[in-house]
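Remarks on the structure that follows.
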Amino acid sequence: MNHSRCLYPGSFDPVTLGHMDIIRRAAGIFDTVVVGVLHNPEKQGCFPVEKRLDMLRRACGGLSNVEIISYGGLLAQLTKEMDISVVVRGVRGVGDLESETVMARINRQLNPALETLFLPASPETGEISASMVRQLASFGADLSPYVPPQVLPDILAAFQHK
Ligand code: PNS
């Protein structure tokens with residue numbers, strides 16, 4: 001197992017400054033961070049997966065040790081296939097901790113070699129969620145405190161047509 005590489009999985013619908021906080025910090029710990037965007041054909045989401053990947057690639061453009069991929073199916077299976085032994089997840093508070101602990105345990109049952117590393121959200125980004133960004137965008141609020149500047153125009157454009 002390769003411990004110098006981690007997987008940071010999520011929906012990233014869309015990428016937020018909260019995600020970027022976790023990506024940057026994981027990139028300071030591991031040689032390589034693989035950011036995995038879940039492609040769930042049964043749950044379309046707000047942005048198509050290709051668009052989410054494109055936005056993440058632009059937001060992470062300055063981070064040389066970050067790779068962006070999409071995946072379908074089980075996270076535990078993906079980590080086996082990619083020979084990755086650490087999954088990183090951001091935790092904003094006790095609600096996240098509860099649900100993330102359940103997910104970490106299930107993933108470890110499916111892949112006993114897998115560790116989940118929780119990173120507490122930084123104080124500046126601890127209140128940000130993709131669902132909150134989508135809601136604020138639908139009301140035309142200023143999104144600049146919540147999303148990377150590289151993707152702000154994409155989000156505004158997407159919600160202009162809704
Ligand atoms: O950003 P999110 O929506 O909190 O990320 C959740 C995600 C995508 C990491 C998680 O739902 C996932 O990887 N699902 C894939 C299916 C899976 O492995 N399920 C078992 C773990 S409960």
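Counting convention: from 1, in listed order, for ligands and their atoms alike. Here the structure is a predicted model, which means the values were calculated and not measured.
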Handout entry: Least distance between heavy atoms, R52 atom then G45 atom
Key = NH2-CA, 3.6 Å
Practice task
Verify the neighbour count for atom CD of Q77: are there more than 12 heavy atoms of other residues, nucleotides or ligands below 6.0 Å?
Solution key: yes
Exercise for the section: Answer with yes or no whether G73 contacts ligand 1, where contact means a heavy atom under 4.0 Å from a ligand atom. Expected result: yes
Problem - ligand 1 to E100 polar contact by distance, N or O atoms, under 3.5 Å - result: no
Practice task
Decide whether an N or O pair under 3.5 Å exists between L75 and ligand 1.
Solution key: yes
Problem - Candidates V15, V147, T16 - the one meeting side-chain contact (heavy atoms from CB on, under 4.5 Å) with I155 - result: V147
Handout entry: Min N/O separation Y71 to ligand 1 under 3.5 Å
Key = yes
Practice task
Identify the protein heavy atom lying closest to atom 2 (P) of ligand 1, giving its residue, its atom name and the separation to 0.1 Å.
Solution key: S11 OG, 3.6 Å
Completion exercise
Between G36 and F12 the two heavy atoms that sit nearest each other are O-CE1, 3.4 Å
Problem - Considering all heavy atoms, the nearest G90-Y8 contact - result: N-CE1, 4.3 Å
Exercise for the section: Note the single closest protein heavy atom to atom 4 (O) of ligand 1, along with its residue, its atom name and the distance in Å. Expected result: R89 NH2, 2.9 Å
Practice task
Just jot down the ligand 1 atoms closer than 4.0 angstrom to any heavy atom of L38, in number order.
Solution key: 8 (C), 14 (N), 15 (C)
Handout entry: Identity and separation of the nearest protein heavy atom to atom 19 (N) of ligand 1
Key = L74 CD2, 3.8 Å
Completion exercise
Of all protein heavy atoms, the one nearest atom 10 (C) of ligand 1 is M103 SD, 3.9 Å
Problem - Under 3.5 Å: donor-acceptor pair, side chain of N65, backbone of D31 - result: yes
Problem - Test side-chain contact (heavy atoms from CB on, under 4.5 Å) applied to V88 and I23, I22, L7, the passing residue - result: I22
Handout entry: N107, portion touching ligand 1 at heavy-atom distance under 4.0 Å
Key = side chain
